[in-house]
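Here's the structure, in structure tokens; my notes come after.
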Amino acid sequence: SSDLATHHRYSQPLPPTCPDRDTQTMPATPTSSSDWASYNAARAGTSAVRPLTDRALTTLRATHQNLAGLRAVELGSGAGIETRCLLQEGLSVHTIDVDSSVEKQMNELASLGILEHRTGLIEEWDPLPHADLILANASLPFVPRARFTSVWERVKHALLPEGILAVDLFGSDDTWASDVGTYLTRKEVDELLDTLEVIELNERNEEGHAFDGIKHWHTFTVIARHPA
């Protein structure tokens, strides 16, 4: 499609959100109330930082030669793989995850730097701390549609001038699409970003693998900057 032609040169397919999850414990459509513990346990056994996180840090370095002392917020930390990377770069990090089973790993990461972790729903975290980087790897789509607008406004308000927003959003053509989460049209995504400087907007709308077999993925990978 023409939208797919807008792929950034860093573009690559979004990895399946839940590749290692025990399919016996998960519904066909994951939500914020699903059993994320088995997925997070599987992810904890890897050290692979997601490509979106790498690209977000590269973008942040374009305006900040030294990341030490900058502030990050991670929405949906899982077992802390991205958090570890952010702390090692010298950022102070505020994190949230709905899965209480990751608290032990997150507490251990606090030895690497300034980390404040909380257990809860993203939509209940109000206000968000001000940050130079707000990162949400495949977590915002699980915010209920009725709560998403207020969460997005909170995110934009928390982003400092020249701050970087790096998020995965899910599209309306996705197999999982329902009002239990937030699944957006391209027009809605463009409207969400209208006050930000869009650095990367990659749309994927195709069949692909997920934890329970083949599904139709409709995703938007976004990196944007708050104007100075």
Side-chain angles (χ1 to χ4, degrees), residues 7-21 26 30 32 34 36-62 67 70-91 93-99 101-102 105-106 109 112-113 115 117 122 131-143 155 159 163-171 174 176 181-182 184 189 193 198-206 208-211 215 217-225:
H7 274 225
H8 189 275
R9 63 190 177 92
Y10 290 120
S11 175
Q12 61 185 49
L14 181 73
T17 309
C18 315
D20 306 305
R21 194 186 304 281
M26 289 296 297
S32 60
S34 299
W36 292 100
S38 55
Y39 172 63
N40 286 328
R43 278 277 294 160
T46 76
S47 58
V49 172
R50 294 180 188 271
L52 177 61
T53 304
D54 278 335
R55 299 200 302 276
L57 289 170
T58 297
T59 306
L60 192 59
R61 289 189 192 98
L67 302 187
L70 298 185
R71 291 173 283 181
V73 167
E74 185 180 5
L75 304 174
S77 65
I81 294 170
E82 325 296 321
T83 306
R84 176 185 293 275
C85 173
L86 298 176
L87 290 169
Q88 289 173 335
E89 291 284 351
L91 287 85
V93 188
H94 290 259
T95 58
I96 189 169
D97 200 273
V98 71
D99 177 17
S101 75
V102 303
Q105 292 103 309
M106 300 305 289
L109 287 178
L112 298 178
L115 170 62
H117 178 72
I122 292 170
D132 302 284
L133 170 64
I134 298 179
L135 180 66
N137 281 284
S139 58
L140 290 179
F142 302 113
V143 172
V155 166
L159 197 61
I164 298 299
L165 175 65
V167 301
D168 293 312
L169 302 171
F170 285 2
D174 198 277
W176 292 339
T182 298
L184 304 160
V189 171
L193 300 172
V198 178
I199 295 166
E200 174 181 333
L201 173 53
N202 298 328
E203 182 174 7
R204 175 190 180 193
N205 198 343
E206 62 190 7
H209 290 280
F211 62 82
K215 71 178 284 285
W217 287 100
H218 189 194
T219 64
F220 301 93
T221 304
V222 176
I223 297 179
R225 180 183 286 116

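In what follows, residues are counted from 1 in the order of the sequence shown.
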List the steps and the verdict of side chain to side chain contact (heavy atoms under 4.5 Å, CB included) for Arg61 and Glu89. CA-CA 11 Å; Arg61 289 189 192 98; Glu89 291 284 351; 2.8 Å; yes
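- Nearest heavy atoms, Ala131 versus Val73: CB-CG2, 3.7 Å.
- Under the salt bridge (Lys or Arg N to Asp or Glu O under 4.0 Å) criterion, Asp174 pairs with Lys215, not counting sequence neighbours.
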Evaluation steps, side chain to side chain contact (heavy atoms under 4.5 Å, CB included), between Leu70 and Leu133: CA-CA 8 Å; Leu70 298 185; Leu133 170 64; over 6 Å; no
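- To the nearest 0.5 Å, atom CD1 of residue Ile96 and atom OG of residue Ser139 are 10.0 Å apart.
- Between the CG atom in Leu91 and the CG atom in Leu86 there is a gap of 6.0 Å [rounded to 0.5 Å].
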Test Asp168 against Arg50 for side chain to side chain contact (heavy atoms under 4.5 Å, CB included), laying out the working first. CA-CA 11 Å; Asp168 293 312; Arg50 294 180 188 271; 5.5 Å; no
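- Judged purely by atom type and a 3.5 angstrom limit, Asp132 uses its side chain to pair as donor or acceptor with the backbone of Arg71.
- Aromatic ring pairs are classed by plane angle as parallel below 30°, tilted from 30° to 60° and perpendicular above 60°; the pair Trp176 and Phe170 is tilted.
- Qualifying ring pair (Phe, Tyr, Trp, His ring centres under 6.0 Å) partners for His117, counting only residues two or more places apart in sequence or in other chains: none.
- Summarising the geometry, atom OG1 belonging to Thr83 is positioned 11.0 Å from atom CD belonging to Gln88; distances are rounded to the nearest 0.5 Å.
- Counting only distance, with no hydrogens or angles, the side chain of Glu74 and the backbone of Val93 share no donor-acceptor pair below 3.5 Å.
- Qualifying side chain to side chain contact (heavy atoms under 4.5 Å, CB included) partners for Ala166, counting only residues two or more places apart in sequence or in other chains: Leu52, Ala56, Leu135, Ile223.
- Atoms CG and CG, on Leu165 and Leu193 in that order, are 7.5 Å from each other to the nearest 0.5 Å.
- Closest approach of Leu87 and Leu109 over heavy atoms only: CD1-O, 3.4 Å.
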In sequence, state the C-alpha distance, the side-chain angles, and the governing distance for Val143 and Leu75, and then conclude on side chain to side chain contact (heavy atoms under 4.5 Å, CB included). CA-CA 11 Å; Val143 172; Leu75 304 174; over 6 Å; no
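- Under the 3.5 Å distance criterion, the side-chain polar atoms of Trp217 are matched with a main-chain donor or acceptor of His209.
- The OG1 atom of Thr221 lies 9.0 Å from the CZ atom of Arg204; values are rounded to the nearest 0.5 Å.
- Checked against side chain to side chain contact (heavy atoms under 4.5 Å, CB included), Arg225 has the following partners two or more places apart in sequence or in another chain: Thr59, Ala62, Thr63, Ile164, Glu197, Ile199.
- Rounding to the nearest 0.5 Å places CE of Met106 at 8.0 Å from CG of Asp97.
- A donor-acceptor contact closer than 3.5 angstrom links the side chains of Thr53 and Asn137.
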